[in-house]
**Student:** 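First, the structure itself, so that you have it in front of you.
Computed over heavy atoms, backbone and side chain alike; hydrogens, waters and symmetry mates excluded. Both ligands and their constituent atoms are indexed starting at 1 by order of listing. Residue numbers count from 1 along this sequence.
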Amino acid sequence: MTTASTASFCPSSSSDQHTSPVPAGFADVLVGLQYGDEGKAKIIDALAPGYDVIARFNGGANAGHTIDTPQGRIALKQLPSGVFHPHTTLYIGSGCAINPWKLADEISQLREMGITLEGRLHISARAALVQPHHIAMDRRNGDTIGTTGNGIGPCYADRALRVRNDMRVNLMLGDLIANESEAVVSMRNVFSRMVNAEGGTSPWMAEMSDLLRDLPQVAASLRPYLQVDRGWLTNRVKAGASVLFEGAQSVLLDVVEGSQPYVTSSHTVPAFAYVGGDLSPKYHRRTIGVAKAIMSRVGRGPFPSELGGERSAQYCHDASRLRIGKAEEQSRFSVDTLLRSSDPFDVGTALRMLTAEYGTGTGRPRRIGMLDLAQLRDVIRTHAVDCVYLNKVDCLSHYAKSTYQGVPMRVHRDVLTADAMPDVLVYPGLTEQSLDQGREGMLDAAMHGFVDFIERHIGAPLAGLGLGPERASLVSLAPHPVAPVASSMPHDG
Ligand code: IMP
């Protein structure tokens, strides 16, 4: 690996923007390249010092990340991850679906921690509003897909539908703030009509009427953050601001690009940042991808590298219905026994337990898979991703105690030798010593070899490696070119 600089690489320090060839402001887009939960917030936390604005452009309370702070742990769902960097301005674009109750709650939790967002947070008046009937519809129908039950799909569907049975169903945040009593009446009518059409009862009647009761107060608390100027972000960038767009969910869950119907309901691809984030694409500079070395997926849908395949998918689906989470799995199973099993399903269960792969908001056990380099390569090519941060690299060391005795990875068939079918190979693995040195910022030959191997197979440079959960365990890599994959033959396990 060389440290030679290239024109197109990802920011690794706050000084990066000052060397940028772009004279005015610019925007970078950071997206997850797999099925969500790749640790995007951790990367944004590291990159935030280099940006003036951190902006969300899609999704809503279906996203989520837990942040440990000196004042305690906080789970954020809708606020951009830059919230703990006081110099950053935060923007929630018109492409987002706002749950006003949860957003108000996040803001008030932060206030209790001494963080006030007045003057810092701007929310587009055009963002879609999640309403009680959306939440009820999602809870009733979401099981087939395994949605998070936050009403996001019905909310976006109503935005496109606009009117149902002569009633307006697509309220925006600006409508709520402009006339909250009218918005409450509208929401109550749509919810009542839905309940009546279903026989006059709903298991969520009391809960939804509590939400409507609280709405005027919630609306008042969000009023200071409303941004009615559609050109607000563009004006900031024209004046020289640098923006980091933070994608929610991930590219493989995009409503069109993903595998229907097992997708989220918004666009998660980087190009959408400029629609849902309210900025002209002419300001785009770089696309930054985040992936993780132990893959996971929540909900249903294809997952080619899943350990245990369909059995794992079914087990996780049932477990989430039965509310079996981390504590239950830990009391039922022995990690060491599972890890030594010759059954990939058992190895996947052990890895979930060892790497804490349970839903942030829901506690659901996540389906676990080996690193899929073939799939990553496709996503990177399709969306012209400039560089990749790879998280959870330290977790690969657990494989050493498994029957694989190395790290199984799925690679593109083109780069396999004829006798190396099927499309999985076993990489020799990384030792604790290599990882420890890496955390100190010194990459040994084995770690350089690993970086080189991954880059050749995905066709993009790695900008950083996550070698542990702590902030300090993110190791930035200097800009460098990547040799084409054809010149590399994989290590065959
Ligand atoms: P929805 O976004 O709640 O409609 O759920 C649709 C699908 O996207 C389900 O499989 C969810 O589990 C998945 N999903 C939604 N948000 C996230 C996320 O933040 N991380 C991972 N998966 C997500």
Side-chain angles (χ1 to χ4, degrees), residues 30-44 56-67 75-81 95-99 102 106 128 130-131 133-160 246-269 272 276 290-292 294-303 306 312-314 316-321 325 352 355-369 391-392:
L30 181 141
V31 288
L33 302 176
Q34 296 160 330
Y35 300 104
D37 309 311
E38 296 93 347
K40 295 182 280 289
K42 191 172 114 179
I43 307 302
I44 289 167
R56 287 272 309 259
F57 61 87
N58 73 316
N62 50 348
H65 44 267
T66 307
I67 300 178
L76 295 180
K77 289 175 158 288
Q78 298 182 86
L79 287 169
S81 302
C96 295
I98 306 285
N99 177 318
K102 290 191 173 173
E106 275 180 45
V130 173
Q131 304 175 48
H133 74 277
H134 296 145
I135 300 170
M137 282 168 84
D138 198 20
R139 287 190 192 163
R140 202 188 45 213
N141 302 321
D143 193 47
T144 319
I145 301 170
T147 69
T148 63
N150 280 289
I152 307 296
C155 176
Y156 284 124
D158 272 356
R159 160 130 98 182
E246 167 183 6
Q249 293 81 48
S250 289
V251 168
L252 294 172
L253 291 178
D254 182 273
V255 63
V256 174
E257 168 118 355
S259 318
Q260 277 276 356
Y262 305 107
V263 290
T264 191
S265 44
S266 67
H267 284 294
T268 58
V269 293
F272 190 72
V290 184
K292 69 181 169 186
I294 299 277
M295 286 181 67
S296 72
R297 176 167 193 164
V298 284
R300 296 192 169 226
F303 186 0
E306 183 164 15
S312 155
Q314 192 59 47
C316 291
H317 180 74
D318 294 342
S320 87
R321 258 193 314 118
R352 172 168 54 250
T355 63
E357 286 289 348
Y358 299 88
T360 311
T362 58
R364 295 188 278 182
R366 295 177 182 153
R367 299 157 61 189
I368 302 295
N391 272 325
K392 286 204 159 183

**Student:** Could you walk me through whether Asp158 and His134 pass side chain to side chain donor-acceptor pair (under 3.5 Å), step by step?
**Tutor:** CA-CA 9 Å; Asp158 272 356; His134 296 145; 2.7 Å; yes
**Student:** Go through the steps to decide whether Asn99 and Lys77 satisfy the test side chain to side chain contact (heavy atoms under 4.5 Å, CB included), and finish with yes or no.
**Tutor:** CA-CA 10 Å; Asn99 177 318; Lys77 289 175 158 288; over 6 Å; no
**Student:** Can a salt bridge be assigned to the pair Glu357 and Arg364 using a cut-off of 4.0 Å between side-chain N and carboxylate O?
**Tutor:**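 Looking at Arg364 together with Glu357, the answer is no, because their closest N to O distance does not fall below 4.0 Å.
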**Student:** Give the atom numbers and elements of ligand 1 that come within less than 4.0 Å of a heavy atom of Asp37.
**Tutor:** 20 (N), 21 (C)
**Student:** With nothing but distance in play, are any N or O atoms of Asn62 less than 3.5 Å from an N or O of ligand 1?
**Tutor:**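 It does: an N or O of Asn62 is found under 3.5 Å from an N or O of ligand 1.
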**Student:** If you measure every N or O of Arg300 against every N or O of ligand 1, does any of those distances drop under 3.5 Å?
**Tutor:**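 No - when backbone and side-chain N and O of Arg300 are compared with those of ligand 1, no distance drops under 3.5 Å.
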**Student:** Does ligand 1 come near enough to Asp138 that some N or O of the ligand is less than 3.5 Å from an N or O of the residue?
**Tutor:** no
**Student:** Looking at atom 23 (C) of ligand 1, what's its closest protein heavy atom, distance included?
**Tutor:**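 Scanning the protein heavy atoms, the shortest distance from atom 23 (C) of ligand 1 goes to Leu253 CD1, 3.8 Å.
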**Student:** So which heavy atom in the protein is nearest atom 10 (O) of ligand 1, and how far is it from that ligand atom?
**Tutor:** Val298 O, 3.3 Å
**Student:** Among protein heavy atoms, which lies nearest atom 2 (O) of ligand 1, and at what distance?
**Tutor:**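 Of the protein heavy atoms, Thr264 OG1, 2.6 Å lies nearest.
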**Student:** Nearest 0.5 Å, please: how far is NE2 in His65 from NZ in Lys42?
**Tutor:** 14.0 Å
**Student:** Which ligand 1 atoms, with their elements, are less than 4.0 angstrom from a heavy-atom of Gly146?
**Tutor:** 9 (C), 10 (O), 11 (C), 12 (O)
**Student:** Using a 4.0 Å heavy-atom cut-off, say whether Ile152 meets ligand 1 through its side chain, its backbone, both or neither.
**Tutor:**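 Under 4.0 Å from ligand 1, Ile152 contributes no heavy atoms.
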**Student:** Testing Arg366, Arg367, Arg297 one by one against Tyr35 for a side chain to side chain contact (heavy atoms under 4.5 Å, CB included), which residue passes?
**Tutor:**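 For Tyr35, the side chain to side chain contact (heavy atoms under 4.5 Å, CB included) check succeeds only for Arg297.
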**Student:** Just verifying a value: how many Å separate Thr268 OG1 and Asn58 CG, rounded to the nearest 0.5 Å?
**Tutor:** 6.5 Å
**Student:** Could a heavy atom of Ala63 be found less than 4.0 Å from some atom of ligand 1?
**Tutor:** yes
**Student:** Of all the heavy atoms in Arg364, does at least one lie under 4.0 Å from an atom in ligand 1?
**Tutor:** yes
**Student:** Side chain or backbone of His65 under 4.0 Å from ligand 1, or both, or neither, by non-hydrogen atoms?
**Tutor:**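 Neither; no heavy atom under 4.0 Å.
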**Student:** Look up atom CD1 in Ile294 and atom CG in Asn391, then write down how far apart they are to the nearest 0.5 Å.
**Tutor:**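 Those atoms lie 12.0 Å apart.
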**Student:** I need the contact type for Val263 against ligand 1. Using non-hydrogen atoms and a strict under-4.0 Å cut-off, is it side chain, backbone, both or neither?
**Tutor:** backbone
**Student:** Give the contacting part of Tyr262 toward ligand 1: side chain, backbone, both or neither, where contact means a heavy-atom distance below 4.0 Å.
**Tutor:** neither
**Student:** Just do the side chain to side chain donor-acceptor pair (under 3.5 Å) check on Ser296 and Asp37 with the steps written out, would you?
**Tutor:** CA-CA 8 Å; Ser296 72; Asp37 309 311; 4.9 Å; no
**Student:** Give, for atom OG1 of Thr144 and atom CZ of Arg300, the distance between the pair rounded to the nearest 0.5 Å.
**Tutor:** 7.5 Å
**Student:** Would you say ligand 1 has an N or O under 3.5 Å from any N or O of Thr147?
**Tutor:** no
**Student:** Suppose I only count heavy atoms of Tyr35 and a 4.0 Å limit; which atoms of ligand 1 are within that range?
**Tutor:**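 What qualifies from ligand 1 is 21 (C), 22 (N).
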**Student:** Which value, rounded to the nearest 0.5 Å, describes the distance between Asn62 atom CG and Ser266 atom OG?
**Tutor:**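 The distance works out to 7.0 Å.
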**Student:** How many angstroms lie between atom CG of Asp143 and atom OG of Ser320, to the nearest 0.5 angstrom?
**Tutor:** 7.5 Å
**Student:** Could you check atom 3 (O) of ligand 1 against the protein and tell me its nearest heavy-atom contact, residue, atom and distance included?
**Tutor:**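 Looking only at protein heavy atoms, the one closest to atom 3 (O) of ligand 1 is Thr148 OG1, 2.7 Å.
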